[in-house]
Structures are given as structure tokens and as C-alpha cells.
Amino acid sequence: MCLSPLSKTMPAPALALFDIDGTLLRRAGRHHKLALIDSVRQATGCVASLDEIPTQGMLDCDLLRLLLAQTGLPVPEIEAKLPQLIEAAQESYLSGSPDDLRSSVCPGVVSLLDELARHGIATGLVTGNLSAIGWRKMELAGLRAHFTFGAFAEHGETRAVLAAIAIREARRKAVVSESSRISLIGDHPNDIRAARANGIQAIATATGLSTREELLAEGPDILVGDLTELAPAQLL
Ligand SMILES: [Mg+2]
């Protein structure tokens, strides 16, 4: 069990922002997808499908828009229904979530989070998951105690905006100072682009569906095969 950096009075020397799917967890998406589809069924009576949609690297709100578009609704009605679906998808996941996600934790995650805590490095989430879904996944994976804040799908239109929100929140809470080094760790080109857009270190891990070549093409500062290869010193 780590101590939260928020409990300290001094700002942390560094902040590590983590994506969830493909980065902290993998193969944890089935119930999540079912919840998104169920929310569309509740709102429209239509059965939509994610089978033809590459979900990795995307925000849940955009997936809900794509699912709603399959029902034939015009764009203004899709946007009007979105808040209702955001609520319904989260309720659906919470009522039908898997029993345990500890076996879905990616290699090296637990030891890295423990090491970051030992080094006083703060941690946060930047994820395309809706907030209730993301937090429940962290609970089910046994990782909840490592995180006190994050930015989630319903908080912004793009992953870069979510990263900016998380950084602002960390500074507002004095988790970090203006001079603390900040890194975004993710498995998709969109994570690397979000880091670039915010001028922070981009760390790519090839534990998701993106290949090493696809990640390298985005020019991350660091690329690892999995998080066993990442050391706290690389974040300082
Ligand atoms: Mg991901």
C-alpha cells in the first residue's frame, strides 16, 4: 500500500500520468464495451456494435457518438442524448463489472507504482474511460490506492485536453510545482500526441495493440516493451 503524494506537504519532484487500457491493464475491455452498447440500447432501443470500430486510444464519449450514429440519429440529437448515455454507461458498468481485474494488470505495473511512491513521484490518470468506469477498474485491479486524481472521458474533448486538465489539477492541489517534471505513459499514438501537445515527456509502452513501429513513428521520448523496463529515474 503506497502513501498518497497528496498527503505530503512538499510538491513531488515529478508526476507520472497513466493511461489505463493497454498501459495499466489489458484484456479488461469486454464489460466496458458492453456497458457502452447497453447505454445506447437503453436510450434508443437500438442494438449498436463496436465490432467494426477500433476502440484503442479513443475516448468513451467519441465511442458513444459512433454507436449512436449507427442508430440513424442526426448529429444534434446525438449530442443532446450524450449526457444521458454517459450516466447510463457508467451505471451499467458498475452494475455488471467483472469480479476481479488483478489478472489483467500489465507486467511491471505494481512494482513500478510502488517504486514511484518510494521515490515520492506523484501519480495520476489520463484516460479515455468515463470516470466511474476508470475508477472501478482501478479498484478491481487492486491499483486504486495509487491514484488520487485523474482526467476522464467526460472532462474534455480530446486526450490532450484531458492531460492538460490533469496537470492543472496536480498543480492546483500542490501535488507538483511548476518545476516538477511531468510524463504521460500510454500505449497508443494518441497518448504520445497528448504528451507532445502539453510539452511533457512522452513514454510509450508496447503493451497495447499498437506496435513498437507505430509508437516509434510518433517519436516518444522513451519506448519500452512493458513497464518492467521503466525506472523511476527516467521520470525525474
Ligand atoms: Mg490505452
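- Clustering ILVMFWY residues whenever any of their side-chain heavy atoms sit less than 4.5 angstrom apart, transitively, puts L216 in a cluster other than the one holding L209.
- Using a 4.5 Å heavy-atom threshold, the side chains of L64 and S39 count as touching.
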Criterion ring-ring contact (aromatic ring centres under 6.0 Å, His included) on W135 and F147, from CA distance to verdict: CA-CA 9 Å; W135 284 128; F147 298 100; 7.2 Å; no
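- In this structure a side-chain-to-backbone donor-acceptor pair under 3.5 Å is present from T71 to L68.
- Checked by atom type and distance alone, the side chain of D100 pairs as donor or acceptor with a backbone atom of R102 at under 3.5 Å.
- Each of N190, D191, N198 was checked for a side chain to side chain donor-acceptor pair (under 3.5 Å) with R159, and the lone residue meeting it is D191.
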Would you sort out whether E77 and R65 count as a salt bridge (charged side-chain N to carboxylate O under 4.0 Å, His left out), showing the intermediate values? CA-CA 10 Å; E77 286 188 41; R65 287 187 177 96; over 6 Å; no
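- Using a 4.5 Å cut-off between side-chain heavy atoms of Ile, Leu, Val, Met, Phe, Trp and Tyr, with links allowed through other members, F18 and L236 fall into the same hydrophobic cluster.
- The backbone N or O of L230 lies less than 3.5 Å from no partner atom in the side chain of Q234, so there is not a single donor-acceptor pair.
- Between R181 and I200, every side-chain heavy-atom pair lies at or beyond the 4.5 Å cut-off.
- Considering D60, L63, L36, D62 as possible partners of T55, the one that fulfils the side chain to side chain contact (heavy atoms under 4.5 Å, CB included) test is L63.
- Heavy-atom minimum distance, S177 versus P11: N-CB, 3.6 Å.
- Side-chain contact between K81 and T44: present, with at least one pair of heavy atoms (C-beta onward) separated by less than 4.5 Å.
- Between H31 and S97 the shortest heavy-atom distance is CD2-C, 4.0 Å.
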How far apart are the C-alpha atoms of R136 and R144, what are their side-chain angles, what is the distance that settles it, and do they pass the side-chain contact (heavy atoms from CB on, under 4.5 Å) test? CA-CA 8 Å; R136 177 57 66 89; R144 180 65 180 85; over 6 Å; no
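- Nearest heavy atom pair, residue L101 against residue A28, reads CD2-CB, 3.9 Å.
- At least one side-chain heavy atom of L227 sits less than 4.5 Å from a side-chain heavy atom of I185.
- In this structure a side-chain-to-backbone donor-acceptor pair under 3.5 Å is present from Q90 to A132.
- A donor-acceptor pair is defined here as one N or O able to donate and one able to accept, closer than 3.5 Å; such a pair exists between the side chain of H119 and the backbone of E115.
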What's the verdict on side-chain contact (heavy atoms from CB on, under 4.5 Å) for H188 and L215, showing C-alpha distance, side-chain angles and the deciding distance? CA-CA 7 Å; H188 191 273; L215 295 169; 5.5 Å; no
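- D221 has a carboxylate O that lies under 4.0 Å from a charged side-chain N of R196, or vice versa, which qualifies the two as a salt bridge.
- Exactly one of T127, V126, L130 qualifies for a side chain to side chain contact (heavy atoms under 4.5 Å, CB included) with F152. That residue is T127.
- Between the side chain of T123 and the backbone N or O of H146 there is at least one donor-acceptor pair closer than 3.5 Å.
- Of all non-hydrogen atoms in A88 and Q42, the two that sit nearest each other are CB-OE1, 3.9 Å.
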Let me see the working for T205 and D187 under side chain to side chain donor-acceptor pair (under 3.5 Å), right down to the final yes or no. CA-CA 5 Å; T205 174; D187 70 301; over 6 Å; no
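- A side-chain donor-acceptor contact under 3.5 Å links S95 to the backbone of E91.
- Contact between L125 and A166 at its shortest, heavy atoms only, is O-CB, 4.3 Å.
- Looking at R26 and P107, their side chains come closer than 4.5 Å, going by heavy atoms from C-beta outward.
- In this structure, the side chain of E154 engages the main chain of S131 through a donor-acceptor pair within 3.5 Å.
- Proximity of P189 to R193: side-chain heavy atoms (C-beta onward) are separated by under 4.5 Å at one or more points.
- Checked against L25 for a side chain to side chain contact (heavy atoms under 4.5 Å, CB included), the options D19, T207, V105 give a single hit: V105.
- Put simply, I192 and L59 are part of two different groups of oily side chains (I, L, V, M, F, W, Y) that touch within less than 4.5 Å, one to the next.
- Neither L223 nor L24 shares a network with the other; the hydrophobic side chains, linked directly or stepwise wherever heavy atoms of I, L, V, M, F, W or Y lie under 4.5 Å apart, form separate groups for each.
- A distance-only check finds no donor-acceptor pair linking the side chain of E169 to the backbone of G150 [under 3.5 Å].
- For the pair S49/I37, no side-chain contact is recorded, criterion being any heavy-atom separation below 4.5 Å from C-beta on.
- In this structure the side chain of Q201 never reaches within 4.5 angstrom of the side chain of L184, judged on heavy atoms.
- I78 and M58 fall within the same hydrophobic cluster, defined by Ile, Leu, Val, Met, Phe, Trp and Tyr side-chain heavy atoms under 4.5 Å apart, directly or through other members.
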I'd like to know whether I182 forms a side-chain contact (heavy atoms from CB on, under 4.5 Å) with L17, so could you lay out the CA-CA distance, the side-chain angles of the two residues, the decisive distance to 0.1 Å, and finally the verdict. CA-CA 8 Å; I182 302 174; L17 297 170; 4.0 Å; yes
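- Summarising the local packing, CD of E79 is surrounded by more than 12 heavy atoms from other residues, nucleotides or ligands at distances under 6.0 Å.
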Decide side-chain contact (heavy atoms from CB on, under 4.5 Å) for C61 and I86; before the verdict, give the C-alpha distance in whole Å, the side-chain angles of both, and the deciding distance to 0.1 Å. CA-CA 7 Å; C61 298; I86 287 170; 3.8 Å; yes
